[in-house]
Amino acid sequence: MRLATWNINSIRTRVSRAVDFAVREDIDVLALQEIKCKPEQFPYAPFEEAGYHVEAHGLNQWNGVAIASRLPITDVETSFAGMPGFAKGHEGPDAPLEARAIGAMIDGVKVWSLYVPNGRSLDDPHYRYKLHWLDELRQATAAELAANPELPLALVGDFNIIPFPEDNGDPAIVEGVSTHVSPEERAAFFALESAGVTDVVRPLIPEGFTYWDYQRLKFPRNEGIRIDFVLGSRALADAVTGASIHRNERKGEQPSDHVPVVVDLDFAGTDDDDDMPMIFA
DNA sequence: ATGGCCCATTTTATGGGA
């Protein structure tokens, strides 16, 4: 399986970019974030003509996530257990859920396309929402893997966290001042490791940005940040044979401000049966 | 001079993005 994640920043504006990329790169599963539309507004036809089935989750013009797949999709979910909601002036347990998660089983792999809340500023209610959302994601992930430790599980998407100082090439994002780099956000990101998932791209690609702001010539100056990740359970990580960050997708007409991140998975090479020897051809 | 963008919307302002 060749699995990609991409914050597309409006699928209606960039549908040809998304489909062209998927076809050109031979992607089996494309997880999208920020589709910025409702399911009935999603441009399904170009995907279907290219052989992809799409499951989309969107409630309004904000957020929105989807999974496009050439392989059969089952067990679609549009929120994880405990996922909190948010609305202006409407914090708390009864706040409405946003369209920030869609999960599905695809060829034995559980894939979640995630769009983590931005946080806005350190003193904003949205920041507390972001930390709560991440803590619930950690708990849901831990529970899912406790119930099925051998599950190949992929949490992919825009995490809106810059894990390491070297992932921040944007001088506008300042440690101690800005969101995305606070100790609490980084702790929430690394706490996902305790739930059983790790960044499977980092070992193969130690350096590289996935987002450059549209403003102030950030891309030509290479003042980007690394915030888009593929986190995998042990069974998934053991199957990774390659990874790539598609920096060229930031170029050209009407790019998204994010670029795709791709991982190659080969489960045939994984010996996950303790009683049987590996069979070599 | 130290800024310069882009998206969607019951659009000509506003909310959101990181």
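A note on names: the letters A, B, ... follow the listed sequences, proteins ahead of strands, and every chain is numbered from 1.
Residues passing the side-chain contact (heavy atoms from CB on, under 4.5 Å) test with A/A66 are A/L32, A/I35, A/F42, A/V54, A/A56, sequence neighbours excluded. With sequence neighbours left out, A/V23 forms a side-chain contact (heavy atoms from CB on, under 4.5 Å) with A/V19, A/A50, A/Y52.
From the 5' end on, the contacts that DNA chain B makes with chain A at under 4.0 Å to a non-hydrogen atom open and close at B/dG4 to B/dA18.
Where DNA chain B pairs in unbroken runs of 3 or more (Watson-Crick or G-U, both distances under 3.5 Å), the stems are B:5-9 with B:13-17.
Taking a 4.0 Å limit (strictly below) on heavy-atom distances, residues 213-222 of chain A reaches DNA chain B at A/Y214, A/Q215, A/R216, A/R221. Within residues 156-177 of chain A, the residues approaching DNA chain B are A/D158, A/N160, by heavy-atom distance under 4.0 Å.
With P as the reference atom, B/dT9 and B/dG4 are 25 Å apart, rounded to whole Å. Taking atom C1' on both B/dC5 and B/dA18, the two are 13 Å apart, rounded to the nearest angstrom.
In this structure, A/F80 has its ring center under 6.0 Å from that of A/W133. Within the 6.0 Å centre-distance limit, the rings of A/F189 and A/F229 are counted as a close aromatic pair.
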- request: Output, in order, the C-alpha distance, side-chain angles, deciding distance and verdict of side-chain hydrogen bond (donor to acceptor under 3.5 Å, both in side chains) for A/E49 and A/Y44.
  value: CA-CA 9 Å; A/E49 287 162 15; A/Y44 294 103; over 6 Å; no

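Side chain to side chain, A/D158 and A/Q33 fail the donor-acceptor criterion of an N or O pair below 3.5 Å. Side-chain atoms of A/H126 and A/N118 form no donor-acceptor pair, as typed in the model, at a separation below 3.5 Å. For the 3.5 Å distance criterion, the side chains of A/H180 and A/S178 fail to qualify, holding no donor opposite an acceptor.
Under a hydrophobic-cluster definition in which Ile, Leu, Val, Met, Phe, Trp and Tyr are linked whenever side-chain heavy atoms come within less than 4.5 Å, directly or via other members, A/L59 and A/L114 are assigned to different clusters. Two different hydrophobic clusters hold A/I27 and A/L71 under the rule that ILVMFWY side chains link at heavy-atom gaps under 4.5 Å.
We find that A/R14 and A/E249 are not joined by a salt bridge, their nearest charged nitrogen and carboxylate oxygen being 4.0 Å or further apart. Checked for salt-bridge contact, A/R221 and A/D213 miss the test: no charged N lies under 4.0 Å from a carboxylate O.
Ring pair A/F219/A/W212 is perpendicular by interplanar angle, where above 60° counts as perpendicular and below 30° as parallel.
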